[in-house]
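One structure is given here, and the rest of the page talks about it.
The figures that follow rest on heavy atoms only: side chains count, while hydrogens, waters and symmetry mates do not. Indexing begins at 1, ligand by ligand and atom by atom, following the structure's order.
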Amino acid sequence: MARVGILAVQGAFGCHASVVESLGHQAVLVRAKSDFEALDGLVLPGGESTVQRLLLRELALEGALSSLFRAGRPILATCAGLILLARRVSQPEQGSFGFVDVGVVRNAWGRQIESFEATSDEGRPLVFIRAPRLVDVGSRVEVLARFRGEPVLVREGNVTCATFHPELTDDPWVHRQAFGPVEHS
Ligand code: GLN
């Protein structure tokens with residue numbers, strides 16, 4: 001069983017834990033540096049990326065997050081989490097960790113009231129809530145799913161990023177892509 005952390009400082013972290021556990025992993029809510037110890041993977045949930053960035057700094061979690069990334073542990077970043085990890089952020093511009101070679105435009109699918117459910121071009125369920133749009137994708141970044149031809153799920157190395165909220169659908173396909181099912185020996 002893998003220990004998968006879920007950053008729980010702000011935003012939509014709640015439902016991620018049940019999806020992670022449905023795959024047989026242990027979900028651990030992460031709020032302090034010590035919570036990063038012995039994690040096999042991490043979810044960065046949706047929410048408000050500006051606030052999450054400030055909280056990561058205030059709680060002195062930036063170093064622990066970077067170390068987990070450099071150690072090659074799988075990270076699933078959804079919506080605001082993706083904005084935190086993207087290399088380029090616009091509308092408005094804001095600083096980010098830049099772990100993934102993509103450019104995102106914030107709130108580009110419309111406002112909260114324009115949130116919507118949809119189906120990916122591959123037939124998978126999607127939920128968009130004030131979602132960012134991936135406007136450029138580097139050559140080492142693999143596109144795992146698209147919506148109307150646009151990338152909505154991408155992976156570079158150990159980091160998988162969704163512009164939508166996979167934890168609000170009843171299909172654990174995105175978490176499985178990021179962390180895999182538990183391997184029984
Ligand atoms: N619009 C939010 C932001 O820019 C992200 C929305 C979400 O995570 N659902 O941080």
Side-chain angles (χ1 to χ4, degrees), residues 4-20 27 29-31 41-59 61-62 65-66 69 74-120 124-137 141 143-148 150-156 159-175 177-179:
V4 177
I6 297 160
L7 185 71
V9 295
Q10 190 273 339
F13 53 85
C15 294
H16 282 288
S18 41
V19 185
V20 161
L29 295 186
V30 169
R31 296 195 168 97
L42 182 69
V43 176
L44 296 179
E48 183 50 52
S49 58
T50 315
V51 179
Q52 291 184 357
R53 227 178 115 239
L54 287 174
L55 285 170
L56 282 170
R57 184 166 307 160
E58 250 168 55
L59 298 167
L61 300 180
E62 294 174 313
L65 174 59
S66 298
F69 166 67
I75 297 176
L76 171 60
T78 62
C79 210
L82 155 62
I83 296 167
L84 291 179
L85 301 193
R87 197 147 301 159
R88 297 165 292 282
V89 179
S90 55
Q91 195 173 287
E93 281 184 21
Q94 70 183 24
S96 56
F97 287 90
F99 297 161
V100 182
D101 187 17
V102 292
V104 295
V105 178
R106 294 179 61 198
N107 304 311
W109 290 105
R111 301 193 302 175
Q112 188 88 12
I113 199 164
E114 290 152 330
S115 301
F116 62 103
E117 291 183 34
T119 304
S120 78
R124 298 293 196 169
L126 308 168
V127 175
F128 292 96
I129 303 172
R130 286 195 307 124
R133 241 168 155 145
L134 284 163
V135 285
D136 65 283
V137 171
V141 179
V143 176
L144 303 177
R146 294 179 186 269
F147 173 57
R148 296 185 191 149
E150 273 191 38
V152 291
L153 181 69
V154 296
R155 174 158 58 204
E156 183 176 3
V159 186
T160 307
C161 298
T163 61
F164 55 96
H165 278 255
E167 80 286 4
L168 298 181
T169 73
D170 53 12
D171 183 345
W173 64 290
V174 171
H175 294 73
Q177 290 271 356
F179 304 115

> Where the side chain of Thr163 meets the backbone of Arg133, is there a donor-acceptor pair that is under 3.5 Å apart?
Replying inline: no
> Backbone N or O of Gly47 within a donor-acceptor pair of the Gln10 side chain at under 3.5 Å?
Replying inline: no
Polar atom proximity, [X] to ligand 1 (N or O, under 3.5 Å):
| X | result |
| --- | --- |
| Cys79 | no |
| Thr78 | no |
| Thr50 | no |

> Between the side chains of Arg106 and Gln91, is a donor N or O closer than 3.5 angstrom to an acceptor N or O?
Replying inline: no
> Are Gln94 and Ser49 linked by a side-chain donor-acceptor pair shorter than 3.5 Å?
Replying inline: yes
> What protein heavy atom sits nearest atom 1 (N) of ligand 1, and how far away is it?
Replying inline: Asn107 OD1, 2.4 Å
>> Tell me the protein heavy atom at minimum distance from atom 4 (O) of ligand 1, and give that distance in Å.
In response: Arg106 NE, 2.7 Å
Just jot down the ligand 1 atoms closer than 4.0 angstrom to any heavy atom of [X], in number order.
| X | answer |
| --- | --- |
| Ser49 | 3 (C), 4 (O), 10 (O) |
| Gly46 | 8 (O) |
| Ile83 | 3 (C), 4 (O), 10 (O) |
| His165 | 7 (C), 8 (O), 9 (N) |

>> Could you walk me through whether Phe147 and Phe164 satisfy the ring pair (Phe, Tyr, Trp, His ring centres under 6.0 Å) test, starting with their C-alpha distance in whole Å, then the side-chain angles of each, then the deciding distance to 0.1 Å, before giving a yes or no?
In response: CA-CA 11 Å; Phe147 173 57; Phe164 55 96; 9.5 Å; no
> Of the backbone atoms (N, CA, C, O) and the side-chain heavy atoms from C-beta on, which set of Glu48 has a member under 4.0 Å from an atom of ligand 1: side chain, backbone, both, or neither?
Replying inline: both
> Heavy-atom contacts under 4.0 Å between Gln52 and ligand 1: side chain, backbone, both, or neither?
Replying inline: neither
>> By the definition side-chain contact (heavy atoms from CB on, under 4.5 Å), identify the one residue from Val43, Leu76, Val19 that meets it with Ile6.
In response: Val43
>> Given Leu7, which partner from the list Leu55, Leu61, Ile75, Leu29 fulfils the side-chain contact (heavy atoms from CB on, under 4.5 Å) test?
In response: Leu61
>> Does the plane of the ring in Trp109 sit parallel, tilted or perpendicular to the ring in Phe128? Use 30° and 60° as the thresholds.
In response: tilted
>> I want to confirm something. Looking only at heavy atoms, which of Ala131, Gly47, Ala108 is nearest to atom 8 (O) of ligand 1?
In response: Gly47
